[in-house]
Structure formats: structure tokens, C-alpha cells
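Below is one structure, written out as C-alpha cells, with a few remarks after it.
Below, chain A is the first sequence line, B the second, and so on; all start at residue 1. Here the structure is a predicted model, which means the values were calculated and not measured.
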Amino acid sequence: MANNDYNPKDIERKWQDIWEREEAFMTGNDKSKPKYYALVEFPYPSGEGLHVGHPRPYTALDIIARKRRMEGYNVLFPMGWDAFGLPTENYAIKNKIHPRIVTERNVARFMSQLKALGYSFDWSREVNTTDPSYYKWTQWIFLKLFEHGLAYKAEMPINWCTRCKIGLANEEVVNGVCERCEGEVVRKVKKQWMLKITEYAEKLLNDLDEVDYLEKIKAQQRNWIGRSEGAEVEFRLAGKDDVIKVFTTRPDTLFGATYMVLSPEHPLIDKYKDAIRNWDEVSSYREMASRKSDLERTDLAKEKTGVRIEGLDAINPVTNQKIPVWISDYVLMTYGTGAIMAVPAHDERDYEFARKFNLPIVEVVKGGNISEAAYTDTENGVLVNSGFLDGLKVSDAQEKITGWLEEKGLGERKVNYKLRDWVFSRQRYWGEPIPLVYCEKCGWVPIPEEELPLTLPEVENYVPSDEGESPLANVKEWVETSCPKCGGPATRETDTMPQWAGSSWYFLRYIDPHNDKEFASREELDYWLPVDWYNGGMEHTTLHLLYSRFWHKFLHDIGYVPTREPYRKRTSHGMILGENNEKMSKSRGNVVNPDDIVNEFGADTLRTYEMFIGAFDQSAAWSQLGVKGCRRFLERVWKLMDMVVDGDSYSKELEVKMHQTIKKVSQDYEAMKFNTAVAAMMALVNEFYAAKQVTRGELKTFLVLLNPVAPHITEEMWERMGYEGRLYQQKWVSWDEEKTLENTVEIAIQVNGKLRGTVLIELNEEKDSVREKVLQVDAVKKVVEGKSMVKEIYVPNKIYNIVVK
RNA sequence: GCCGAAGUGGUGAAAUUGGCAGACGCACUGGACUCAAAAUCCAGUGGAGCUCAAGCUCCGUGUGGGUUCGACUCCCACCUUCGGCACCA
């Protein structure tokens with residue numbers, strides 16, 4: 001058969017059109033079929049276009065989705081756009097184009113790029129977070145949260161990005177600067193909408209046990225939630241009618257608490273302004289602390305600072321001694337109670353502070369040398385100087401003292417989390433409007449459900465004011481409205497939602513994307529949930545993953561979704577680096593554009609290369625030569641068409657290899673070991689070339705195996721060879737375990753653990769007869785001669801080891 | 001500092017449960033084809049040494065110990081790199 005050269009330009013476009021026309025990858029309606037929901041993170045459609053990093057996870061799950069269809073599953077594999085967000089808005093401001101137009105343009109670009117890569121997405125389910133028919137439901141969920149008391153407005157010291165002029169969640173502050181623009185972040189007090197994610201801390205933590213996430217993902221989530229057990233203890237203020245409450249994980253060291261520290265923002269300071277003799281000093285310290293950005297305040301492990309509050313003393317509840325109270329910014333208002341009992345002998349921070357300010361250090365756990373450093377070991381220490389705790393191990397002492405405190409009403413067991421509530425307000429235009437109005441009489445009132453979506457008004461100017469008001473605040477006719485409750489005058493909330501809002505539930509919308517009665521029908525949710533496999537970047541492990549689990553759990557609790565967890569399995573991919581092994585960026589000049597690769601080599605080559613580049617979960621450097629190698633492989637595949645001989649079964653010579661390869665490729669896809677799956681197929685092609693022929697049966701099987709990675713070339717070859725139907729309609733191939741084994745195997749012979757030769761044996765040959773063959777090998781004879789054989793180890797079909805003396 | 005991942009040829013990397021280290025790709029070398037080159041096909045390719053040669057010997061998975069008949073794999077200590085968190089009491 002005469003075939004022209006492999007020309008991806010022609011065939012890739014051709015098959016993309018055919019698949020679209022034949023609705024090849026539309027999600028089925030047959031609910032008697034088992035379902036499979038494969039999900040990749042929807043992209044932010046930036047002005048830059050697709051990056052070679054994008055296709056890595058997309059191709060990976062496209063492989064899974066295509067394989068599942070061939071295995072008979074009803075597959076949901078959707079795609080959409082996380083399109084609200086700052087870069088679009090900034091671009092819009094700069095170029096005086098409406099962000100909606102910018103978004104449309106970027107989406108169109110992304111869409112055509114993705115389509116050129118031949119993904120089997122069901123495009124009829126495309127969602128876009130900026131579409132009012134989508135964000136209607138984002139707003140609806142927010143109102144549910146509000147109704148259930150999980151959304152509240154609070155005056156909060158927030159992270160304020162001085163460049164973006166917006167409040168940031170803690171998670172968006174990276175090393176003290178804004179995650180997005182790297183601008184300086186300072187603390188600023190502002191009334192913000194908050195979501196009580198902390199209420200779900202325990203569930204978010206515990207339910208990790210029932211999901212199949214990569215262990216490192218679970219570890220990061222646990223780390224972020226940061227559960228710690230301890231006790232809350234009350235210290236009386238000497239001569240006052242108040243107590244300082246502290247949280248400690250080391251109640252056993254209570255006898256060693258020699259001073260206390262309040263965070264600069266602690267309310268008791270203002271309350272006792274009149275009693276504080278050195279108010280000027282205290283107040284200027286507070287002033288200084290508040291001016292510091294988080295970076296300055298927490299960074300650099302700087303020397304501790306602080307001021308003694310003269311006029312306030314506390315009473316240690318076990319020793320009944322008066323201890324001084326200090327103020328210092330090493331104590332954070334946002335964790336625990338904003339105050340600590342300081343036990344310098346057994347806490348490094350307190351130790352450092354006590355050393356600097358000459359505060360007493362009392363050893364209460366023996367085992368270290370407190371003249372040199374704090375002793376923080378909790379395994380081996382024994383309590384001393386601690387009255388009724390003396391002689392106890394740390395863990396026993398903790399039990400005993402906590403019981404004692406509870407009995408006396410001085411404290412109680414307490415669990416604390418590092419997790420903070422989620423700052424949900426952004427002073428920006430390009431986000432979902434928060435559907436609440438403020439009425440002097442009724443307070444915050446939700447907009448009636450039937451009025452959703454509350455759409456963004458058209459505005460001239462998207463720039464937030466310097467005081468940080470949202471651009472929406474300038475749109476009088478939009479802001480001024482009437483109260484849905486009493487009909488009186490009211491004003492709309494002008495803050496918008498953060499980008500994390502729309503992405504917290506998009507996987508639910510894919511399930512029933514055109515529903516205008518509900519965010520998705522219960523029937524569809526029951527069938528499709530949970531997402532069977534969700535792959536995304538490690539950079540979203542603490543933010544998006546936690547937020548979307550929170551929303552999902554909330555929706556579950558109020559009866560709207562059937563499962564407690566949204567995602568059954570979560571994996572993540574490594575980054576693709578530039579050829580110089582550095583992160584790809586314009587400024588480094590090492591960016592590879594996927595369009596160029598598709599143009600020069602074809603989409604199948606790009607897909608194959610991205611899978612072959614290295615272990616999926618590890619980062620990998622781009623190599624143009626590696627791309628060429630994959631193109632060469634596909635050329636070799638193409639030329640198999642000239643080597644086909646009759647025969648629907650496998651040839652005798654290659655039967656074992658065929659079964660081995662089917663097994664290897666099938667299992668490797670599932671384990672995301674795409675690189676070795678491709679390697680196995682390359683090896684098989686090398687075998688075909690060595691045999692100078694391939695049977696029809698072998699080729700068909702091979703095309704099925706390769707199809708998920710390189711769908712266009714395999715489909716084209718299927719058609720050219722005149723095989724029945726479409727390749728995408730075929731069944732996945734199976735292997736016969738028995739046929740993956742050779743009849744004769746070569747085993748290694750070792751003497752004293754050193755390789756001395758090999759010998760061919762029958763599969764599962766008896767030890768005695770193997771032994772006979774082994775002892776006939778010259779090299780073995782030579783080494784064994786004149787020595788006594790102490791021991792012989794035979795691992796069937798693997799190795800024969802003789803120990804001599 | 002804490003948590004996590006990793007360290008293997010010239011190079012990207014492989015190696016189910018401890019069982020022939022380096023599959024597959026790149027680069028390189030040689031050969032075939034060609035007037036020539038490119039492309040393609042075939043062969044070779046961890047290091048050092050010995051041998052006319054087939055072949056043989058020794059060394060080799062970050063470092064140092066250990067367990068074992070046998071260790072890239074398990075244990076202990078350490079070094080380096082990369083991610084994440086970081087005054088969280």
C-alpha cells in the first residue's frame with residue numbers, strides 16, 4: 001500500500017472536525033452505564049495564551065478519559081474558564097477596553113489553542129465564571145452561606161496590597177508580598193466580608209482520611225489547617241476584675257510561666273489604659289507594630305522587641321505568684337486568644353525574649369540544660385519544681401494539670417487551628433457582585449433569589465480609589481436601591497467576590513450546565529458525584545482545594561449535594577521548565593509556545609512529548625531535541641502501514657511482547673506513569689522493525705494503545721488501513737496474564753552475591769534441575785572449585801545464588 | 001527551624017515485593033543508502049584496566065556506617081537541591 005508522508009497538519013484538523021461532527025466525546029445520557037468524571041483545573045484565560053505547562057495535565061486526563069470511554073464508561077470530561085480576575089481588569093484599565101471584551105477575546109484564543117490539541121472535552125458543557133447565568137449560582141451559594149451565618153462582615157486587620165489596592169486572603173500573601181503582583185503588603189483595618197471556613201476545620205481535616213489524594217497533598221492540607229491540642233487557661237489580673245485567657249499546648253509547664261505577653265492589638269490594653277503607668281511607651285510600641293507590614297513583622301527572625309506594661313500584673317494560677325505582663329509583636333492577635341503565658345525554660349521564643357529582657361527562667365521539665373537553651377523535648381522530660389506534678393512524664397502531667405484546671409474552673413481542654421476565616425471581599429470591578437444591600441433599618445439584607453443574578457453595571461472607570469473603595473462605589477444609580485425587606489432606601493454592597501469564588505463549585509455546574517432552575521439537578525448530581533479523578537497543580541493545594549471542599553461540605557450539610565467530599569481522587573503534575581532548567585517566563589526568555597510546536601511538529605508530537613518528558617508528578621525541563629525524538633517515533637509508527645502482513649492474531653514471535661506491552665501500557669496509564677508507557681510502545685515499535693513486519697492484529701492493538709496519547713495519527717491510520725468503524729469507538733484491549741510470560745527465562749547466577757553468569761531455564765523449572773545447569777557454567781565452576789558450598793538460594797525464575805567459603 | 005519530594009551514564013530518565021543497575025529517548029561513534037549532504041535504516045555506546053581476539057577483571061546509583069546470601073531499593077547518621085509552611089504559643 002502506498003502511503004504518503006506523515007503530515008500532521010492535514011490529518012489533525014481533519015479528525016478534530018470529524019470528532020466534532022460525530023459528537024464523539026459528548027457525555028452520554030445512559031445512566032445505566034457506569035459513570036466516570038475526570039476533571040482538570042479550568043484555566044484562567046490570560047492574554048498570554050496557552051503555555052506548554054497547560055497541556056501536561058490536560059493530556060494526562062485526556063488519556064484517562066479516552067481509555068475510560070473505550071472501557072465502556074459514560075465519561076464526563078469538561079472544560080471551562082475561570083475568567084474573573086485582576087490581570088484582565090488591569091489590562092482593561094490600561095487599554096480602555098471593557099474586561100468582558102478582553103475576556104471574550106482571551107477565551108476565544110484559548111479555545112482554539114485547546115481544540116488544536118485534540119482534547120476529548122465535551123464542549124457543550126463549557127462554563128465561564130463571568131457569565132451571569134453562571135455567577136447567578138455563585139451568588140446564590142453565597143446567599144446560602146449568609147443565611148446560615150457563615151458569611152459575616154468584620155472589621156479586620158487585613159492584608160492590603162498597596163499595588164493592587166485590594167485586600168488579600170492570608171493565602172494570597174507569599175513571603176510578605178502579594179502573590180500576584182509582588183507588591184508590598186501592609187495591614188489595614190477594613191470592614192470585609194468573611195466566610196467562616198474555620199467552622200469546617202475539623203471536617204476538612206478528618207475527611208481527608210476518606211479520600212484518595214496524593215499523600216503530599218493531604219500533608220499540605222493538614223499543615224495548613226494546623227490543628228493543635230492544648231488548654232485554655234485563665235490568669236487573673238492582680239487587683240483587677242479581669243482575666244487574661246491564653247492558649248497553650250504545654251499546660252504541663254504552667255509552673256514555669258514567669259511572665260505573660262499580650263499581642264499589640266489585644267483589647268485588654270485599651271481597657272486598662274488608665275491603669276497603665278507607661279502608656280506613652282506602650283502606645284508608641286503599638287503604633288510601631290501596626291505600621292509594620294507582615295513581612296517586617298514576621299520576617300528575618302529579627303530580635304524580639306517588647307515593652308513591659310507597668311501597672312498590670314497577672315497571677316500564675318498554680319504558684320499564685322505575681323508575674324509581669326508584657327506587650328510584644330511576637331504574639332499574634334489572630335491565633336489563639338492573642339495572649340500567651342510565657343515559659344522561657346521550655347519554649348524557644350519565650351527563651352529568647354526572656355534572655356533579652358532579663359526575665360526569670362524556671363526549669364520545670366528536667367532533661368535539658370536551660371542555661372544554654374530552651375528544653376522542648378516532650379518525650380523524655382520529667383517534671384520538677386511543679387508541686388503536685390513533680391516526677392510525672394510530660395504527657396501524664398498534661399493530663400493531670402488539665403483535669404485540675406477544669407476542676408477549679410481555671411481552664412479547659414481546647415483545640416486550635418492555624419486556619420483563619422476567609423476574607424471574601426475584593427475592592428474591584430471584575431468579580432461577582434455580592435448580592436446584599438445595606439438598610440439603615442434592617443441591616444444587611446439579601447437580594448431575593450428571583451432577582452439573581454445581580455449583574456455588574458457598565459462603568460467608565462474600573463480603577464479602585466486610593467482609600468480602597470471598589471469602582472462600583474462610584475456608580476450611584478447602581479448603589480442606591482431599596483431594601484427588599486422594608487422598602488426603604490438602601491445601598492448595595494460594592495465589594496465583589498474573590499477569584500476563588502467561581503472556582504469553588506464549577507465542577508458541580510459541569511454536571512448540569514444549562515439548568516436555569518437550580519445550580520444542578522439532584523438527579524444529575526446523584527449520578528455524577530463525586531468527581532472520580534481531579535488533577536491540578538500543587539500551587540492550588542492549600543487555596544482552591546480547601547475552599548472548594550468547604551463549599552461542597554456546606555452544600556452537603558444543607559442538603560444540596562449527595563457526597564461529603566467533592567473529589568474522590570486528587571493528583572498533581574510537575575511544572576514544565578525552560579531548556580535552561582528555570583521556570584518559564586518572558587523575562588527569562590525561555591518560554592515555549594505550544595502553537596509553534598503544533599505548527600512545526602503536530603499536536604500528537606506535542607502530546608507524546610509532554611507525556612514522555614519525565615515522571616508526571618515531577619518538574620521537567622523542556623528539550624527541543626526530545627520533541628524531535630517523539631516526532632521521529634510517530635514517523636516510525638506511520639511507516640508501520642508499509643509493513644503490515646495478513647493475520648488477525650499476534651505472530652508467534654511477538655505474542656508475549658504484545659501481551660506484556662498491553663499490560664504495561666494499561667497499568668502505567670492508570671498509575672500516571674505516562675513516560676514509561678510511551679517507552680514501552682517505542683520498544684514495541686522497535687520490535688516490529690526488527691521483525692520487518694507487523695500483523696494486522698498487532699497493528700490494531702498497537703493503535704488502540706497509542707490512541708489516548710496520539711489520537712489523530714492513530715485514527716488516521718485506522719481509517720487508511722480500512723479497519724471497521726472509528727478507532728475511538730473500539731474497546732480497550734486486554735491481556736492474558738499467562739501469555740505475558742516467556743517459556744524460557746534467563747536467570748542470573750551469583751556466587752557470594754556477585755554476578756558470575758546467566759543461564760537459560762524453562763519457566764518454573766524445578767530447583768534441582770536448575771541447580772544442575774548452574775553448576776555446569778564454567779565461570780561458576782571456576783569460582784566454586786575447592787571451596788565448600790555453604791548455602792544456596794534460588795528465587796524462581798530470577799536468580800540462583802551460591803554462598804561458598 | 002518544621003513538613004514533603006528528590007540526588008543514578010555525556011544528557012532526559014527507567015528499575016512491581018530487596019534479586020542481571022542504566023529500559024526508552026537524546027547526543028555521540030561506526031556502517032548501509034547517496035556524486036555529496038540531509039533524512040532514513042542497521043550496529044555500538046557507564047567508567048577504568050587486561051587481551052591479537054572472542055572475551056576477562058575490577059569499580060560504579062550524593063557521603064559514611066549497618067542489616068542481608070544479595071541493597072538504587074530497608075535501617076541509622078550526614079551533605080546537597082527543589083517545593084510548601086514559618087514567632088501558630
Legend entry - Whole-Å gap separating P (B:A89) and CZ (A:F353): 18 Å

Inset, instruction - Search all heavy atoms of A:L262 against all heavy atoms of A:A339 and return the closest pair with its distance. - result: CD2-CB, 3.6 Å

Inset, instruction - Pick base, sugar-phosphate or nothing for A:K673, based on heavy-atom distances below 4.0 Å to the nucleic acid. - result: sugar-phosphate

Inset, instruction - Taking atom C1' in both B:G60 and B:A71, compute the distance separating them and give it to the nearest angstrom. - result: 14 Å

Inset, instruction - Identify whether the distance between the nearest side-chain nitrogen and carboxylate oxygen of A:R227 and A:E229 falls below 4.0 Å. - result: yes

Inset, instruction - Take atom C1' in B:A32 and the same atom in B:A38, then report the distance between them in whole Å. - result: 15 Å

Legend entry - Nucleotide of B:G4, B:A89, B:A5 approaching A:K216 most closely (side-chain heavy atoms): B:G4

Inset, instruction - Report the residues that fulfil side-chain contact (heavy atoms from CB on, under 4.5 Å) with A:A679, sequence neighbours left out, ordered by chain and then residue number. - result: A:F612

Legend entry - Residue pairs involving residues 664-675 of chain A (criterion salt bridge (Lys or Arg N to Asp or Glu O under 4.0 Å); sequence neighbours excluded): A:K67-A:E670, A:R68-A:E670, A:K664-A:D668

Inset, instruction - Could you work out which one of B:A6, B:A89, B:G84 sits closest to the side chain of A:F247? - result: B:A89

Inset, instruction - On RNA chain B, check which nucleotide each of A:D350 and A:K663 is closest to and give me the residue with the more 5' one. - result: A:K663

Legend entry - Separation between the C1' atoms of B:A39 and B:U34, rounded to whole Å: 11 Å

Inset, instruction - Please report, rounded to the nearest Å, how far the P atom of B:C3 is from the CG atom of A:L208. - result: 19 Å

Legend entry - Between B:G10 and B:C58 - C1' atom distance, rounded Å: 23 Å

Legend entry - Interatomic distance, A:D5 CG vs B:U40 P [rounded to whole Å]: 12 Å

Legend entry - Whole-Å distance separating the NZ atom of A:K218 from the C1' atom of B:G84: 18 Å

Legend entry - side-chain contact (heavy atoms from CB on, under 4.5 Å) partners of A:I793, counting only residues at least two apart: A:K791, A:V795, A:N801, A:V803

Inset, instruction - Give A:A342 one of three labels, base, sugar-phosphate or nothing, depending on what nucleic acid heavy atoms sit under 4.0 Å from its own. - result: nothing

Legend entry - Partner residues of A:W735 under the ring-ring contact (aromatic ring centres under 6.0 Å, His included) criterion, sequence neighbours left out: none

Legend entry - Protein-nucleotide distance (A:Q220, atom CD; B:A86, atom C1'), rounded to Å: 13 Å

Inset, instruction - Using a 4.0 Å heavy-atom cut-off across all strands, classify A:T541 as base, sugar-phosphate, or nothing. - result: nothing

Legend entry - A:E579 CD to B:G12 P, straight-line distance once rounded to whole Å: 13 Å

Legend entry - Nearest-angstrom distance, C1' atom, B:C74 to B:C28: 38 Å

Legend entry - Base-pair map of RNA chain B as dot-bracket, where | denotes pairing with a different strand and pairs are Watson-Crick or G-U under 3.5 Å: (((((((..(((......[....))).(((((.......))))).(((((....)))))..(((((..]....))))))))))))....

Inset, instruction - Please work out if A:Y689 contacts a base, only the sugar-phosphate, or nothing of the nucleic acid, heavy-atom cut-off 4.0 Å. - result: sugar-phosphate

Legend entry - With A:R756 via side-chain hydrogen bond (donor to acceptor under 3.5 Å, both in side chains) - residues at least two apart: none

Inset, instruction - Answer yes or no: is there an ion pair linking A:E635 with A:K628, defined by an N-O contact shorter than 4.0 Å? - result: no

Inset, instruction - Please identify each residue that fulfils side-chain hydrogen bond (donor to acceptor under 3.5 Å, both in side chains) with A:S228, with sequence neighbours left out. - result: A:Y335

Legend entry - For atom CG of A:D252 and atom P of B:A89, their distance in whole Å: 14 Å

Inset, instruction - Go through the structure and list residues passing side-chain hydrogen bond (donor to acceptor under 3.5 Å, both in side chains) with A:H540, not counting sequence neighbours. - result: A:E41

Inset, instruction - Determine the contact category for A:I613: base if any of its heavy atoms lies under 4.0 Å from a base atom, sugar-phosphate if only primed atoms, P, OP1 or OP2 are that close, otherwise nothing. - result: sugar-phosphate

Under 3.5 Å, which protein N or O atoms sit close to an N or O of nucleotides 43-46 of chain B? Give each pair with its distance.
none

Inset, instruction - At under 4.0 Å between heavy atoms, which parts of nucleotides 19-32 of chain B does protein reach? Answer with one letter per nucleotide, 5' to 3': B base, S sugar-phosphate only, - none. - result: BB--BBSSS-----

Legend entry - Non-hydrogen atoms of A:L546 and A:L204 that approach each other most closely: O-CD2, 4.2 Å

Legend entry - Residues A:E765 and A:K773 bridged, charged N to O under 4.0 Å: yes

Legend entry - Comparing A:E348 and A:N416 on RNA chain B - which has the more 5′ nearest nucleotide: A:E348

Legend entry - B:U8 versus B:C24 - spacing of their C1' atoms, nearest Å: 16 Å

Inset, instruction - Find the distance A:R756:CZ to B:C58:C1' and express it as a whole number of Å. - result: 10 Å

Legend entry - Integer angstrom distance from the P of B:C72 to that of B:U63: 12 Å

Inset, instruction - Please work out whether B:G9 sits syn or anti, treating a glycosidic angle within 90° of 0 as syn. - result: syn

Inset, instruction - Only counting residues at least two apart or in another chain, list the ones meeting side-chain hydrogen bond (donor to acceptor under 3.5 Å, both in side chains) with A:H573. - result: A:N535

Inset, instruction - Applying ring-ring contact (aromatic ring centres under 6.0 Å, His included), name anything that partners A:Y285, two or more places apart in sequence or on another chain. - result: none

Inset, instruction - In whole angstrom, give me the gap between the P atoms of B:G18 and B:A23. - result: 23 Å

